[in-house]
J.: 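Shown below is the structure under consideration.
Model, not experiment: these values are computed from the prediction. Chain A is the first sequence line, chain B the second, and so forth, proteins listed ahead of strands; every chain is numbered from 1.
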There are 2 protein chains.
Amino acid sequence: MAKNTQANSGQDQSDLTPRQGEVLDAALELLVLVGDKLTMNEVAKTASCSKETLYNWFGDREGLLVAIVQWQAVKVALPDVDFGELDQHDFVQRLDTFGTNLMEVLTSATSVALNRVAISRAGTDGSNLGGIVLKNGRFAMGALLKPLLEAGKKEQLLTFATSEAAYRCFFGLLLQDIQIRMLLGDELSLSKGQVKKQAAEATRQFMKLHSI
Amino acid sequence: MAKNTQANSGQDQSDLTPRQGEVLDAALELLVLVGDKLTMNEVAKTASCSKETLYNWFGDREGLLVAIVQWQAVKVALPDVDFGELDQHDFVQRLDTFGTNLMEVLTSATSVALNRVAISRAGTDGSNLGGIVLKNGRFAMGALLKPLLEAGKKEQLLTFATSEAAYRCFFGLLLQDIQIRMLLGDELSLSKGQVKKQAAEATRQFMKLHSI
DNA sequence: TATACGCCGTACCGTACGTTACGGTACGAG
DNA sequence: CTCGTACCGTAACGTACGGTACGGCGTATA
């Protein structure tokens, strides 16, 4: 059992060697390409490492998948800024930017692939991959947006019952059925312009619903 | 190749014998239980039929999955009514009912399981399972709602650019992040009351955005 | 009664893949 | 120089599972 440094099991990704990062990069790229039928053989081959090393580092296939998800999560993490003076225009501007970023991430091939894998493993055994994706995606994004929403509320720019509910509303207005359609394989390649437009429209509608 | 009646390949489900329906019922139940790791052996055992029969009827595993999805689709199909006189109250009432039904379907264990399977197969090979789910779910629902929306527009109860866009907006307001969270395994058991409340709120917000 | 057919149960085959084992190489520590 | 450690490459093992083959049984038709 305790034969290695156990890179999985709740650890964060700070203690990864550069080489391990390289391997995870290759694995992620491969995962985006072939989806859930990613095999340990292919990972070892494309990453030019041995399978034994993979098992030493990540324990098993599930551990590798978890490591991939967490590795990707640190790459999209955004620094959260604090909001001093906040007027209506600032608020709308920030909300729009947030929406654009969120949508770009969630419609990226990487995010779609990771969500697909997590979903396909969510139904069955005790895999917490879905939970990890939720934590690093949905909930992390909420933690990022809620302070902005609360600041807007404090400045009397808008009103809502809870920032959680407001976040969910914005999320729905923004993504609508786009994410589920992409997950199901619907070819709908969004241009950057379309993403920006969608974010702007969602922001406009959100303000119409919640502004004072 | 052409050794059997080929129940798959674009055929609709009308020419299924009662026995075939029984087998598909059992398979669907099993699919909800074990997800994508559904095996032909288990299906044969729980349905008390031989594997040879399964392959004769459905071709291969993919064909069985397609048949399961289509079999479920006919069970949730709703008759569409036409809208004669339509006043504001009628319209809101119907929209609310539609939202409640849609949400009940999409949050059911059956729908979640079917979407999971379709998603997990969407990334890779030439599986059109995702497309079939979209066609029988998302698009069929759109075809059901759009006439109502158009009727409402004709009666000057609301306005929108296209009924497609309006449908997407309602979809987003209704489901928000609920579907993706359930797909990812988030335990969030919605009571009937919560579903109704969510549909009512979505309807209210939709009207606030689109009523004239 | 005889033949045909559809279906059940089960044994079987081939292969893919997760996992382990092992030989070989590079390198730093003592 | 030698030992331990970390890693690569590859071969091998075990098993699960999709797909096939075959015998037996009930029923329908003649």
J.: When you check the phosphate oxygens OP1 and OP2 of D:dC8, does a side-chain N or O of A:R19 lie under 4.0 Å from one of them?
T.: yes
J.: Between A:E42 and A:K45, does any side-chain N to carboxylate O distance fall below 4.0 Å?
T.: no
J.: Check this for me: does the side-chain of B:E52 come within 3.5 Å of the base of C:dC7 through a donor and an acceptor?
T.: no
J.: Report the distance from atom CG of B:L65 to atom P of D:dG19, rounded to the nearest whole Å.
T.: 10 Å
J.: Is the distance from OP1 or OP2 of D:dA6 to the nearest side-chain N or O of A:W57 less than 4.0 Å?
T.: no
J.: Rounding to a whole Å, what distance do you find between A:E22:CD and D:dC7:P?
T.: 12 Å
J.: Roughly how far, to the nearest 0.5 Å, is the CE atom of A:M182 from the CG atom of A:N115?
T.: 11.0 Å
J.: From D:dC22, C:dG18, D:dG19, pick the nucleotide closest to the side chain of B:D60?
T.: D:dG19
J.: Starting from C1' on C:dT15, measure out to NZ on A:K37 and report it in whole angstrom.
T.: 15 Å
J.: Using a cut-off of 4.0 Å on non-hydrogen atoms, how would the nucleic acid contact of B:L54 be classed: base, sugar-phosphate, or nothing?
T.: nothing
J.: How close do B:A199 and B:G99 get, counting heavy atoms only, and between which atoms?
T.: CB-C, 3.9 Å
J.: Counting any heavy atom closer than 4.0 Å, what does A:L64 reach on the DNA or RNA strands: base, sugar-phosphate only, or nothing?
T.: nothing
J.: Considering only C:dC7, C:dC8, C:dA11, which nucleotide approaches the side chain of B:K51 most closely?
T.: C:dA11
J.: May I ask you to decide whether A:E201 forms a salt bridge with A:R204, counting only side-chain N to carboxylate O separations under 4.0 Å?
T.: yes
J.: In terms of heavy-atom contacts, does CD of A:E22 have more than 12 from other residues, nucleotides or ligands at under 6.0 Å?
T.: yes
J.: Round to the nearest Å and state the distance from B:D36 atom CG to D:dC17 atom C1'.
T.: 13 Å
J.: Please pick, from C:dT20, D:dG19, D:dC17, the nucleotide with the shortest atom-to-atom distance to any side-chain atom of B:T39.
T.: D:dC17
J.: Is the distance from OP1 or OP2 of D:dG9 to the nearest side-chain N or O of A:S50 less than 4.0 Å?
T.: no
J.: For B:M40 and for A:C49, find the nucleotide of DNA chain D with the closest heavy atom, then tell me which residue's nucleotide is more 5'.
T.: A:C49
J.: Among D:dT20, D:dC8, C:dG9, which nucleotide sits nearest the side chain of B:S48?
T.: C:dG9
J.: Can you measure B:N41 atom CG to D:dT20 atom P for me and round it to whole angstrom units?
T.: 14 Å
J.: Check the distance between D:dA21's P and B:N56's CG and give it to me in whole angstrom.
T.: 11 Å
